[in-house]
Every structure is written in structure tokens, then in C-alpha cells.
Amino acid sequence: MIDGFIAIYIFMLAAFTGYEVISRVPVILHTPLMSGSNFVHGIVLVGAMFALFRANSSLEQIIGFVGVVLAAGNAVGGYVVTERMLEMFKASGQKKPHGGQQ
Amino acid sequence: MEALSPAVAKGIIDAAYILVAFLFISGLKRMSSPLTARGGILWAGIGMAIATLVTFLAPIADPATTSHATTNLALVLIAIGLGGARAWWSGKRVAMTDMPQMIALYNGMGGGAAAAIAAVELYAGNAHGVIFGSLAVLGALIGAISFSGSGIAFGKLQGLIKKSFRFKGQQIINLIIVAAVIAIGIVIATGFNTTPLAVTVFFVIALLLGISMTVPIGGADMPVVISLYNALTGLAVAFEGFVLQNPAMIIAGTVVGSAGTLLTQLMAKAMNRSLGNVLFSGFGDASGPSGATVTGSQKPIEASDAGVMMAFAQKVIIVPGYGLAVAQAQHKVWEFAQLLQHHGVTVKFAIHPVAGRMPGHMNVLLAEAGVPYDLIADLDEINAEFETTDVALIIGANDVVNPVARTDKSSPIYGMPILNADRSKNVVVIKRGQGQGFSGIENALFYLDNTRMLYGDAQGAVNQLIQSVKSLG
């Protein structure tokens, strides 16, 4: 069981981690990073799967199904758009030699 | 699969989640530097794939909970296929300019999923005790707000909702809704009344709150709001993680919750807005679009003259704004910049932190057009250079170059860091008409003696500039 003080410890340490990990991020990466963190909370998919696996009534199955559809959309969509944005950053780095004349 | 005992399946899931947590955190860490960013999303993606795959072992780890195991497994597979395919399709097709609302949409889906988990647990009566009840209710509330609020944010940025609905007493009504949802939430969390009716009423009011919170907020503030809802969804996921006893959800959700909060603060700061200001007052509500009126007149220039002026300049700084993104002119602008470079002109791009729709959005758009990294400078780097610049070319930017932010204390944008384009020797402004910016404030830059206005949409005007420079040979 994760409860009581253990739960609070995990919560606190994870919160510090999140804060530290992006505290020195340059402005140019704000949008991709927001998109990337949006992808990471797509982990809600795992929870939605648990809920649907355990569903016992039609109502639970319907809500669970909607939950998994939404969560899968969050995870897959979040990945695709973040990847697309970051891909372009790589391309611009390679073209560096052309820039900065004079 | 049948060979696995429940204990072994549980062990595999738990061990995999540790790896997943590691991949997520180091993935995010990598995403916060331009050099490693691309690998970062890949790491996080691998983490997500592992987490999803091992979760299929959940029915084995916890066998006796339902009599619908096979149906549920089929439903899970169909749901993942449906949601995943739809999101893959839309994510691949969306234009870079529409990225902010797309993020809002995916984020809302995550919030909705967190709320759905809570709904299943609450309807089924699985959240036992005050602590788990409270966590489930809290996650449900935040998730539902994030879901409906992100939907409104998407509608606004997509242009589906054009108005900001504001009326007298709106905040009082919002307070009443908040009080109502908290009251029902407490009733459910303490186990006093957990009937489906109570749970349903709770969700309806929570969704309503997300809508009523978001509709008064103007389009310019939407990025901050989306970022806030992103952090909230993370928090909701973490709370539901506690309810489900799922460490991967707890850690990933909390990390996103705190990282998202920091990101929200950074964005609000870059826009010179406090979070409270964004949420509880419309832009310019307190003072109205006041500020001293600007005197003088706007002086037009022909594209041919402007093109020649820049071709014979030593140094040109291009200041792109949202108007450039709307007109999809970033490729044309880069073509023009290269043309100037061939004439021996030093060209740089100056990016305001909130150029585009979100901090960093304009960098993405220019990167898409192929503009190299080292030509793009942000506010701190370039502001001193305007004084030695011959021409500052403003394309579809307005408030971020308005000098009243430095001078006029009565202006709503006073104190916002701006690009000092007005200090360059000449300023050429490409603008569709004589209208005002997002904030509705008159721009003193447009009336300066060294400013010339080139009217037209960004795409067409830059095209004319290209023709005029090309005709020089």
C-alpha cells in the first residue's frame, strides 16, 4: 500500500523533481516542453485501463471505455505533436553553417 | 500468459513502473535542452509504451474482481485503437500554427480520462474511507475542470468561440458554483452520500465550473490558461494514482503537476501578467483600454521602396509576431531574409517571449521554415542591438513592440518587457490595417517619425518585398 507518510514523501519528492528538471529551460523550448509534459500525463491511460479491466456493470464499462479512449488520445496525440515540434529543432541545428554571415 | 501467477504478474508490473518513472523523468530532463530534446520525447515515449504493455497483465495480477474479464479486455483494445488512431491522425495533420489549441485538446482528454477513472471508482464504491474518497473526489474535480476548461480554450483559439462572456456578478456566480461543488464533494468523500445521483450532480457541476471559469478569459491569455490546465491534469492524474495505488501515475502526474506550475509562472511572467490577473479579471478590465492617446499620423510606404531600403542597409532585424503565423508567411520571410543576406545585409530575427501564441511558439514556426538557430535572438540578447540597426522590420507584431510599455504608466501593458524596435534608425511595419493589437491599445511605434507602414497581409507584403529586392538584380 502507498499511503500515509509514504504517499506524502513520494508526492513531495516527485514535486521537487518536476520543478528542478525544468527550472533552467530556455524560452524557446517552453512550447515543446508544455507539449511534452502534456504527453507524460498521458500515463493516465494506465489508470483508465485498470478501471476498465475491473468494470463490473455496463455503466462502469461505458465510463471506463470513454476514459481509455480519451487517455489514449492524450498519450498518442501528445507524443505525435511533441515529436513533430522537436524534429524541426534538429533540422535547424544542422543548417547552422549557412547562417551568421559577416 | 496463463502460466503467470498473480504474484509474478504483479511483480512484473511494479518493476516495469520503476523503469517507466525513470524514463519519464530523464525524458523530461532531456526535453529541457535544445540539444537533447528530441531524444527526450523518445525516452518518454518508450516509457509510455512499456507502461501500457505491462498493464495488460493487470487482470492476471488481480483476477477475481470482475466477471466480464474477456469483454473488458476487448473494450480496452478497441478503446486504445480508437482513441490512439484518431489522435495520431489529427496530430500528424495539425498545422504548426494551431499547435496551442491542439495541446489544449489533448490535455483536456487527459483531464477527462482522470475524471472518468474517478467516476468508475466512485460509482462502483471502490474509493473506501475518507482519505481515498477525498483523493478520488479531488482528482475528479480537477480533471473535470481541466476537461471542460481545455475544451473552451480549444474553441476560443480555434475561433469557434469568438466572444469572451463577461457580465456583472460573474465572479459571485463562480463562487456559488465553487461552494456547491465543494459541498457535494465533501458529502461524497466522507461517504455520507455516495449514490449515483450525488456523484452525477457532482460531475455536472464540476464540468460547469471549468466552463464558467474559462469563458471570461480573453484569447491572449489562453496560453497561460492551457499551461495551468496542463499542470492541473497532472495533479488529477497523481490523485487518481493514489486511489488506484499506481506509482507510475503518482510520480508522472506529480512531476507534470509541479513542472507545469513552474512553466505557467514563467509564461505569465513573460507576458507581464500575474496568474490571479489572468484567472479573475479580463484583460484591461480594471482600467479599460486607457492610456494616453497617441498623436501624429501613420505614414505609409510602398513595398518597392521598403525593399530597396532594406537591400541597401547594413543590418536588418526582423520582428515576427502572430500576424506572421496567421498568414503562414514564415517561409516567405526566410526567403526574403536570405535574399537580403545575398546583398550583404546582416539579418537577425528578434523573438519576444510571447511572440506567436505561446512562449517559444514563434521559434517553432521559424524552425519549421528552416531559419537557422543562430539567427534567432531573444529579447535580452538583441535589445541593445536595435540602436545600431538600420531597419527593424515588424511583421504582424504589435503590443510586443509598443514603446508605451516603457513610458506610459497608465497603460495596461506598462512594465511589460518589449523589443526596443523604436530605437532603430528606421522601422517598417507590415500590418493588415490600422487596427489595434490583442490588448486593444494604440501603438505609439506606428506614429513615430522613423516608422513607415506597409499595409497588407504578411504573405502578400513579404512577397512584394522579395520582388522589389529581386528587381535590383
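Excluded from the calculations below are hydrogen atoms, water molecules and symmetry mates; all remaining heavy atoms, backbone and side chain alike, are included. Note that this is a predicted model, so its numbers are computed, not measured. So that the names make sense, note that chain A is the first sequence line, chain B the second, and so on, each numbered from 1.
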- Go through B:Ala37, B:Gly40, B:Gly257 and name the one with the most non-hydrogen pairs under 4.5 angstrom from chain A. B:Ala37
- Heavy-atom proximity to chain A below 4.5 Å, by part of B:Asn107: both
- Message: Just verifying a value: how many Å separate B:Leu244 CG and B:Ile117 CD1, rounded to the nearest 0.5 Å?
- Response: 5.5 Å
- Query: For B:Leu28, is it the side chain, the backbone, both or neither that has a heavy atom under 4.5 Å from a heavy atom of chain A?
  - Reply: both
- Task: Give the member of A:Thr17, A:Asn38, A:Thr82 that has the highest number of heavy-atom pairs under 4.5 Å with chain B.
- Result: A:Asn38
- If you tally heavy-atom pairs under 4.5 Å between each of A:Ala7, A:Ala75, A:Ser37 and chain B, the highest tally belongs to A:Ser37
- Query: Atom CZ in B:Phe242, atom CD1 in B:Ile250: separation rounded to 0.5 Å?
  - Reply: 4.5 Å
- If you count heavy-atom pairs under 4.5 Å between each of B:Val243, B:Ile25, B:Asp378, B:Val54 and chain A, which one has the most? B:Ile25
- Message: Suppose we screen for salt bridge (charged side-chain N to carboxylate O under 4.0 Å, His left out). Which residues come up paired with A:Glu83, at least two apart in sequence or across chains?
- Response: B:Arg38
- Name the member of B:Ala44, B:Gly112, B:Gly47 that forms the most heavy-atom pairs with chain A at distances under 4.5 Å. B:Ala44
- So what's closer than 4.5 Å to chain A heavy atoms on B:Ala51: side chain, backbone, both or neither? both
- Picking from A:Gly64, A:Ala51, A:Gly36, A:Gly73, which has the most non-hydrogen pairs under 4.5 angstrom with chain B? A:Gly73
- Message: Below 4.5 Å, heavy-atom pairs only: which of B:Leu82, B:Val237, B:Thr71 has the largest tally toward chain A?
- Response: B:Val237
- Message: Counting heavy-atom pairs closer than 4.5 Å to chain B, which one of A:Leu59, A:Ile10, A:Ile62 comes out on top?
- Response: A:Leu59
- Query: Any side-chain heavy atom of B:Leu77 within less than 4.5 Å of one from B:Phe56?
  - Reply: yes
- Evaluate the side chain to side chain donor-acceptor pair (under 3.5 Å) criterion for residues B:Thr261 and A:Tyr19: first the C-alpha distance (whole Å), next the side-chain angles of each, then the deciding distance (0.1 Å), finally the verdict. CA-CA 8 Å; B:Thr261 307; A:Tyr19 200 89; over 6 Å; no
- Among the listed options A:Val76, A:Thr31, A:Ile63, the residue most often paired with chain B at heavy-atom distances under 4.5 Å: A:Thr31
- Contacting moiety of B:Ser90, where chain A heavy atoms sit under 4.5 Å: neither
- Message: Using every non-hydrogen atom in the two residues, find where B:Trp43 and B:Gly27 come nearest and quote the distance to one decimal.
- Response: CB-CA, 4.0 Å
- Message: At a 4.5 Å cut-off on heavy atoms, which part of B:Leu42 comes close to chain A: side chain, backbone, both, or neither?
- Response: both
- Atom group of B:Leu53 that falls short of 4.5 Å from chain A, counting heavy atoms: neither
- Are the side chain of A:Asn74 and the backbone N or O of B:Gly108 linked by a donor-acceptor pair below 3.5 Å? no
- Query: Does the pair A:Phe50 and B:Gln245 meet the rule for a side-chain contact (heavy atoms from CB on, under 4.5 Å), with working shown?
  - Reply: CA-CA 11 Å; A:Phe50 266 106; B:Gln245 292 287 299; over 6 Å; no
- Query: Hey, which of B:Gly143, B:Ala252, B:Ala337 has the most heavy atom pairs under 4.5 Å with chain A?
  - Reply: B:Ala252
- Please state whether the side chain, the backbone, both or neither of B:Pro223 comes within less than 4.5 Å of a heavy atom of chain A. backbone
- Query: What part of A:Ile22 is in contact with chain B, defined as an atom under 4.5 angstrom from a non-hydrogen atom: side chain, backbone, both or neither?
  - Reply: both
- Task: Please list, chain by chain and in numerical order, all residues satisfying ring pair (Phe, Tyr, Trp, His ring centres under 6.0 Å) with A:Tyr79, sequence neighbours excluded.
- Result: A:Phe39
- Part of B:Glu368 lying under 4.5 Å from any heavy atom of chain A: both
- Message: Pair B:Tyr229, B:Thr264 - check side chain to side chain donor-acceptor pair (under 3.5 Å), show working.
- Response: CA-CA 9 Å; B:Tyr229 285 148; B:Thr264 309; over 6 Å; no
- Examine whether an atom of B:Met249 lies under 4.5 Å from a heavy atom of chain A, and if so say whether it belongs to the side chain, the backbone or both; otherwise answer neither. both
- In Å, rounded to the nearest 0.5 Å, how long is the span from CZ of B:Phe147 to OG1 of B:Thr233? 11.0 Å
- Quick check: does any side chain N or O of B:Asn72 sit under 3.5 Å from a backbone N or O of A:Ala55, one acting as donor and the other as acceptor? yes
- Tell me, side chain or backbone of B:Arg30 under 4.5 Å from chain A's heavy atoms, or both, or neither? neither
- Message: To the closest 0.5 Å, what do you measure between CG (A:Leu13) and CD1 (B:Ile251)?
- Response: 9.5 Å
- Message: I need the residue from B:Lys348, B:Glu121, B:Arg86 with the largest number of non-hydrogen atom pairs under 4.5 Å to chain A.
- Response: B:Glu121
- Which distance, rounded to the nearest 0.5 Å, do you find between the CG of B:Leu235 and the NE2 of A:His41? 11.0 Å
- Message: Less than 4.5 Å to any heavy atom of chain A: does that hold for the side chain of B:Leu135, its backbone, both, or neither?
- Response: neither
- Query: Got a donor-acceptor contact below 3.5 angstrom from the B:His361 side chain to the A:His30 backbone?
  - Reply: no
- If you tally heavy-atom pairs under 4.5 Å between each of A:Met12, A:Met49, A:Glu60 and chain B, the highest tally belongs to A:Met49
- Proximal component of A:Leu33, with respect to chain B [non-hydrogen, under 4.5 Å]: both
